[in-house]
Each structure stands twice: as structure tokens, then as C-alpha cells.
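Input: a single structure, listed below in C-alpha cells.
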Amino acid sequence: MSTDIFYKFDNILHDLCKKLINNNVIRDDIKLQNIKFEIPKDENHGDLSTNALLVLAKESNITFKEFSDFLISNLMDTEEVEKVVLAGPGFINLYLKNSIWHSCLESINNQKKDFGFENIGNNQKVNIEYVSANPTGPLHIGHCRGAIIGDTIANLYKKMGFDVIKEYYVNDAGGQIIELTKSVIYRYKLLSGLTETSNDEDIEYKGEYLQPITENIYKQYGPELLDMDSDKYTSIIRDHTISFILKIIKKDLKKINIQHDLFFSEMSLIRNNELNTCLDNLRNKNLLYHGVLQKPKKIIVEDYDEREQELFKSTNYGDDIDRAVTKNDGSHTYFASDIAYHYNKFNRGYSRMVNVWGADHAGYLKRVKGALDAITDGEASLNIVLCQLVKLFREGKPVTMSKRSNQFITINEVVDEVGCDALRYMMLFRKNDAPLDFDFSKVTEKSRDNPVFYVQYAYARIFSVSRKLQELNINISFDYKDLSDTDYTLLNDIQEIKLIKKLAHFPKILQQTLQNHEPHRIAYYLYELSSDFHTLWNKGNDNENLRFINIDNKDLTKSRISLLLAISNVLKSGLDIIGVNSPQEMN
RNA sequence: GCGCCGGUAGCUCAGUUGGAUAGAGUACUUGACUACGAAUCAAGGGGUCGGGGGUUCGAAUCCUCCCCGGCGCACCA
């Protein structure tokens, strides 16, 4: 596989450099990491290319010519090197023999479904938090980009050997919940005839989804619920409403193939006194103080009330201003409980954390990272993945969503219209820090313009070959058992070699995706791999010798089926990570 | 005003972490189905990588200053 090839040739190169160092040709303080082999963009530049000459020639005390002769002749002597060329401003390009790609494919097939997934996590615990939408209503389309990005990142971490927990933080303690509860109490009053006026101007949540919840409460507690103590019935209605809405949310998430391992309650942090402990901890570190925040300049803040609050010194951690941990009414801020929440994760053994947020929370990043840094003495690492907003279109025209008029499109509706596969793929087919245009008409289109279809079609096409084999009564199946004696050296068409090279990139793509938390890389890679496959297929249309099934030549057929098996495996591995089905037939 | 994110072909976007002549799709033009799925493929034109300056063998990528667009900016979440 390619990482092996890189490793092998980098080692050879570094050994040559060490030789030069020992002979005092170059200085011994040269950083060898900077001298490496890369895959050239342009196929004409060979299979591997090194910058060694560019980096080192100036540093050496021999001539450029002597230097290049030394490197080239040594590389030429390396096994499986076809030719070595000095090119461009000083690159050394390596052209490898096909045999290296044959053994590469064999190695891929030996690894079977494990190919690409190196165990780099070594069972380290990782906490991945995503969605975490307020439990005040069904999830809408705006939530689903972060949901899908988070879920894909979590799937990948798992496959790379980490001990992953998928987590959802439930904000069940704030002011939004008080408003939500008021809204349900209002409906309850209407239902039980306690009020006849339909004056709902003070009611913040007006969605119809609250009606079945209210009816459910009415059914369970009858019309006399409000005879109880106000605190008591409020608490009953609140808890009932939250758990009902969480059920809806879980159902919505399941529809897009997401299941969290833990729904963590903000309220529990307060009840268990973890929040106070946490703030004490920061006070002891001298990171909380009482002070007054200035009114922000140049923007209009209504009801600004200058007062003293308890503040966290987030400016110590790169933030613009210090941030409040207490509100006007003396209760804690959302930020305060968020500190406690992250500290709780840390105490559960998750020193490595990933959060997925919408870009509208970007301003919140520094204070949370700072607070976590403070409270764990820098022992936790928190990666925050920000994703930009989604703009909806239908037939090229923007679809407006407004919270006020209650016109938001739920995840439920979108999935029913376009399907989970298309939704998940589209949400990943863009860099997460670029805004995403989501056009309903485009994601259901069956064309090259729609990547999910294009990739799934490639996968199904491969299995059509399997069906054809049966039809022709050829005794070869898509199974490693049948292919153990494959002669890989029969694969010599330029497009076949190109496909093997592409497959060989897969492990590197996965590592880059993990390292940067950029799942779109997988979606793009699968698209390119599919494209290379479709090309080979059509070459077979033009040239019978290149068809996968060759009735007169069973060995050749076997070698090609082995290639198909490897492609289908990588496609499936990739699609599994991004949570999209791999159908063996299209319908 | 401050902060974060964008600006790459007519349009929608990638760009191997600093590499060579910057790539796909789409649109437009033209060609390939007596077929292992044409729902696909092949070929062609199309660019001051927002602009200036800097760093070096080498910049779309790093630094700096501007321009344009999006989001955020006591307390809410």
C-alpha cells in the first residue's frame, strides 16, 4: 500500500542523506523530515518525486552535478525502480515497475476489509459531541450538517482504533426550557378549559408539535394538574415535555443513521453540585473575579444594564474580553455549565474531545477552550469543528426558513423527500468551513452531478459483473477464497495501474481526514475512485480485451475480478464511514 | 469598530499541509451502445487563484496591509 511505499522510499532516501552527513558532504543539522517523496500531481512526472536536491544541493559542499549523480545512481539501483529522471527545477522523479503495484494490490486484498484502517488510536478514549440542539422542538435542516459531519468523524475515529463515545449535550436547564414549559402550560390551560382566550403573544414556542405532548400530559394527569403547587406542576410538565421532545429528536436522528451513545443532561451538573465544584476550582486558581463588562461599542444593545458580575479571565487564553459565569438574576450562565460539562468529560477519562458546532457559535470557541485549559491544567485537548450554514434551494430558488413564522423544514421532511443517503453524502460534499447550498432537485438527480448516485452506481456496476459471471456459468465468485491464486501480473493496462494507485491512496486519505477533521475528503476520494472505475469500464466497451470477463482466459478474468473486489471493498469501507448504503443493485 | 470563515474557469467547487504547465463537475461543441448496466465514457476551448507588498530554489497555500461577501459580538443558547 502506498504508505508502505512512501515509508520504504523515504527510508532509502534518508539513508542516502545520512551517508552524506557521515562523509561531511552536508551538515548534520539538516531536518530529514523536509526531505521526502511525494506523489506528483502530473502523471508524467512519475510515480514518486523527491525534493531532496532542491533542499540540499545548496547546503552541500559538492557540485549540483555530483550531488544529483550520487542520488540518481543510488536510487536507480533500488529494487522495482524502472527509471529515474532529473526534471524541472531539480526534482528527481521515480518511475516504478508495474510489479510494485501488483504486489500492492495483492497486499490490499490480503488485508481485506481492514485495508486502510491503521490502528493509530491504540484504544485511546475520544469524546465526540455533536448535534446538542436545544430540546425545544424537532430537528430542522440546519442541524443536520453538523450532525452528519460529527457522526462521520466519530465513525472514522472508531475505525482507526479509538475508543469512541458519541455524545449529545442536552440543554435542559436554561431559560429556553422555562419558555418551552410556559408554552406547554398555556396549551394545557386551553385544553382543560382553564382559559378561553387565545392570546398567545407572550408564548415563545408556537409549533404544532407541542399539541400531542400537551394532550399526552392531559391524558396522564387529567385536568387537575394545575391545582398542585406551581413549582411542582411546572417541574412535572417540564420533565415530561423534555423527555417527549428528546424522543422525537432521537427518532429524527435515527432517520439519518445517527445514534448517540449518551445524552448528557445539563441539569444533572447542577443537581450533582458539579457546577459549583467546578467554579470553586477556578476561584482557587484565581481565574474568577467580580467585575463590570463594558457595553460593546458600535453595536446596539438594548436593555444594557451595567452591573458587576463574576467573570472568568478568558483574556488570559486569547479571548477578547473576560466572560461572565453568572447572569443578571444571579443564576449561572450557559458558559458556566459548559465548563462543568467539559470538566465532567475529562473526569470520565476523555482527555481528547471533539465538538462540532455551527459557525454562529465561533465566538464562543476561545472561552471554552480557555476554560478547559484552565481547569485541567492543559491536560485536555479539545478540537472544535465549525461548520458553516446550509442554504436551501428548490429548482435553483432559495427556500426561506424563519423561526418566527415557524416555517422551518425538519430533518424528517428532508429525509422523506430525498432519502438518507443523498442527504448524508451531500452534507459531506463540501469543505466544512465553506457554506453549503443544498438543492432539493439536485440531490435526487441521477447523474454525474450527484455524487451519491455516481458512487453507488459504480459499486452496483461492479456487482453486475458478479451477476454476469453466474449468468455465464463461470466458476469464479467475488470471494477471496476463489482468488487466492490470482496472477496479478496480468494487470498491465494503464487504467488498471491507475486504479491500483488510487486504491493505494486510501490509507493516506483516511489519516488526513482524521487529522484535520475534514470528512469531505472521503466523499471526494470515493467520487474520484468511482470516476477511474467508470473510465476502465468504458475502455472495455471500446476494447474487448479490456473487459473484466474474458471467457477464453480464466486467469485474466480472475486478475480483473481481484481488482474489482479491491475497488468494491474500498468503496464500501468509505461509504460505511460516511454512513451511506452500498447497494449491489440500483433500482 | 472588533473577532472568526470565505473569495480559484461563465456557474458550483476540489487542491496531496510550500512543489513542476493550478484540477474536477456543470454549461457549450463533437464523438462512442449487434453492450460484463450509455444512469456511463472520450475529446475540445475556457484562469492576472479578490488586489498590493513580503518570506525562498519555489506561494492558491505562510506573513502583512487593503477590497468584497457571510456569521458572531453584556446577559440568552
Side-chain angles (χ1 to χ4, degrees), chain A residues 34 38-42 44-45 49 51 53-55 57-58 87-91 93 132-134 136 171 174-177 179 292-299 301 303-307 309 319-321 323-324 326-329 333-335 338 358-366 386-389 391 429-437 439 442 445-451 453-454 456-458 460-469 471-472 505 508-509 512 515-516 520-521 524 527-528 531 533-542 547-551 557 560 564 585-586:
Chain A
N34 295 335
E38 288 186 326
I39 300 171
K41 278 189 260 187
D42 189 336
N44 297 322
H45 295 142
S49 171
N51 56 355
L53 268 180
L54 292 165
V55 178
K58 231 176 66 177
F91 291 100
N93 296 337
S132 298
N134 282 345
T136 53
N171 301 127
Q176 300 296 324
I177 294 301
E179 292 304 318
V292 176
L293 285 177
Q294 295 303 308
K295 183 174 177 176
K297 291 164 189 167
K298 295 281 175 187
I299 62 159
V301 180
D303 306 329
Y304 177 77
D305 175 25
E306 188 176 290
R307 60 182 281 278
Q309 296 171 291
D319 207 350
D320 302 333
I321 53 170
R323 305 291 178 173
T326 50
K327 292 195 236 178
N328 270 340
D329 61 5
T333 61
Y334 175 80
F335 173 47
D338 222 3
D360 51 342
H361 284 61
Y364 196 68
L365 190 145
K366 279 177 183 165
L386 292 176
C387 42
Q388 290 291 332
L389 307 180
K391 273 186 258 169
F429 207 59
R430 196 106 315 171
K431 217 170 18 182
N432 51 302
D433 45 12
L436 186 148
D437 292 348
D439 194 319
K442 208 145 224 179
E445 204 172 275
K446 294 182 173 177
S447 74
R448 178 156 197 177
D449 206 16
N450 183 1
F453 166 76
Y454 187 74
Q456 286 182 328
Y457 178 47
R461 241 181 171 183
I462 289 173
F463 280 88
S464 79
V465 177
S466 169
R467 291 188 285 276
K468 191 71 184 178
L469 284 169
E471 203 179 292
L472 294 171
H505 286 189
K508 204 172 183 189
I509 297 288
Q512 286 169 346
Q515 192 184 338
N516 300 306
H520 74 280
R521 288 172 185 271
Y524 273 92
Y527 184 75
E528 287 166 17
S531 171
F533 162 74
H534 286 306
T535 297
L536 181 60
W537 182 291
N538 274 73
K539 264 186 121 173
N541 279 351
D542 298 337
R547 295 194 178 176
F548 297 112
I549 299 174
N550 196 311
I551 300 174
T557 304
R560 297 214 165 122
L564 289 183
E585 270 180 272
M586 305 294 276

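All values reported here derive from a predicted model rather than from experimental measurement. We name chains A, B, ... by the order of the sequence lines, and we start the count at 1 in each one.
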Checklist entry - Counting just side-chain N and O atoms, does A:Lys391 come under 4.0 Å of either OP1 or OP2 of B:rG6? => result no

Next on the checklist: Any base atoms under 4.0 Å from A:Ala458, or only sugar-phosphate, or nothing? Heavy atoms, all strands.
Outcome noted: nothing

Next on the checklist: Quick one about A:Asn550 and A:Thr557 (side-chain donor to acceptor, distance below 3.5 Å, no hydrogens or angles considered), yes or no?
Outcome noted: no

Checklist entry - From B:rC75, B:rC36, B:rC71, pick the nucleotide closest to the side chain of A:Thr333? => result B:rC75

Checklist outcome for this item: The nucleotide from B:rA24, B:rC57, B:rA77 with an atom nearest the side chain of A:Asn171 is B:rA77

Checklist entry - RNA chain B: A:Phe335 or A:Arg547, which has the more 5' nearest nucleotide? => result A:Arg547

Checklist entry - Are OP1 or OP2 of B:rC13 and a side-chain N or O of A:Lys431 less than 4.0 angstrom apart? => result no

Next on the checklist: Using modelled atom types and a 3.5 Å cut-off, is there a donor and acceptor pairing between side-chain atoms of A:Asn450 and backbone atoms of A:Glu445?
Outcome noted: yes

Checklist outcome for this item: Whole-Å distance, A:Tyr527 OH to B:rA14 C1', equals 11 Å

Item to check | Nucleotide nearest A:Phe91 when distance is taken to its side chain, options B:rA74, B:rC71, B:rA20 | outcome: B:rA20

Item to check | Rounded interatomic separation in angstrom, taking CG from A:Asn93 and P from B:rG19 | outcome: 15 Å

Next on the checklist: Both A:Arg323 and A:Asn51 contact RNA chain B. Taking the nearest nucleotide for each, which residue is further toward the 5' end?
Outcome noted: A:Asn51

Next on the checklist: At 4.0 Å (heavy atoms only), tell me whether A:Tyr524 reaches a base, stays on the sugar-phosphate, or touches nothing.
Outcome noted: sugar-phosphate

Next on the checklist: Starting the side chain at C-beta, find the nucleotide from B:rC5, B:rG19, B:rC4 nearest to A:Gln388.
Outcome noted: B:rC5

Checklist entry - Would you say the base of B:rA77 and the side-chain of A:Asp338 have a donor-acceptor pair closer than 3.5 Å? => result no

Checklist outcome for this item: Sorted by chain and number, sequence neighbours left out, ring-ring contact (aromatic ring centres under 6.0 Å, His included) with A:Tyr334 holds for A:Tyr364

Item to check | Short side-chain to backbone donor-acceptor contact, A:Arg430 and A:Pro435, under 3.5 Å | outcome: no

Checklist entry - What string of B, S and - do you get for nucleotides 37-47 of chain B 5' to 3' if you count protein non-hydrogen atoms under 4.0 Å? => result BSBBSS-----

Item to check | Interatomic distance, A:Asp437 CG vs B:rG69 C1' [rounded to whole Å] | outcome: 13 Å

Next on the checklist: Please report the distance, rounded to the nearest Å, between CG in A:Asn34 and C1' in B:rG19.
Outcome noted: 13 Å

Next on the checklist: Restricting to ring-ring contact (aromatic ring centres under 6.0 Å, His included), what partner residues turn up for A:His45, sequence neighbours left out?
Outcome noted: none

Next on the checklist: Heavy atoms only, 4.0 Å cut-off, all strands: where does A:Ser466 land among base, sugar-phosphate and nothing?
Outcome noted: nothing

Next on the checklist: If you only use heavy atoms from C-beta on, which nucleotide in B:rG7, B:rC76, B:rA20 is closest to the side chain of A:Pro89?
Outcome noted: B:rA20

Next on the checklist: Consider ring pair (Phe, Tyr, Trp, His ring centres under 6.0 Å). Of A:Phe453, A:Tyr524, A:Tyr454, which one does A:Phe429 pass it with?
Outcome noted: A:Tyr524

Item to check | Heavy-atom pair of closest approach, residues A:Ala324 and A:Gln309 | outcome: CB-NE2, 3.8 Å

Next on the checklist: By the 4.0 Å heavy-atom rule, please label A:His520 as base, sugar-phosphate, or nothing.
Outcome noted: sugar-phosphate

Item to check | Gap between atoms CG and P, on A:Leu436 and B:rC71 respectively (whole Å) | outcome: 16 Å

Checklist entry - Planes under 30° and centres closer than 5.5 Å, is that true for A:His45 with the base of B:rA20? => result yes

Next on the checklist: Without decimals, in angstroms, what is the distance between A:Leu293 CG and B:rC76 P?
Outcome noted: 11 Å

Checklist entry - Taking A:Asn134 for the side chain and A:Thr136 for the main chain, is one N or O donor matched with an acceptor at less than 3.5 Å? => result no

Checklist entry - A:Ile549 near the nucleic acid: base, sugar-phosphate alone, or nothing, with a heavy-atom cut-off under 4.0 Å? => result base

Next on the checklist: Suppose you measure atom P in B:rC2 against the same atom in B:rU40; what distance do you get, rounded to whole Å?
Outcome noted: 50 Å

Checklist entry - With a non-hydrogen cut-off below 4.0 angstrom, is A:Asp439 in contact with a base, only sugar-phosphate, or nothing? => result nothing

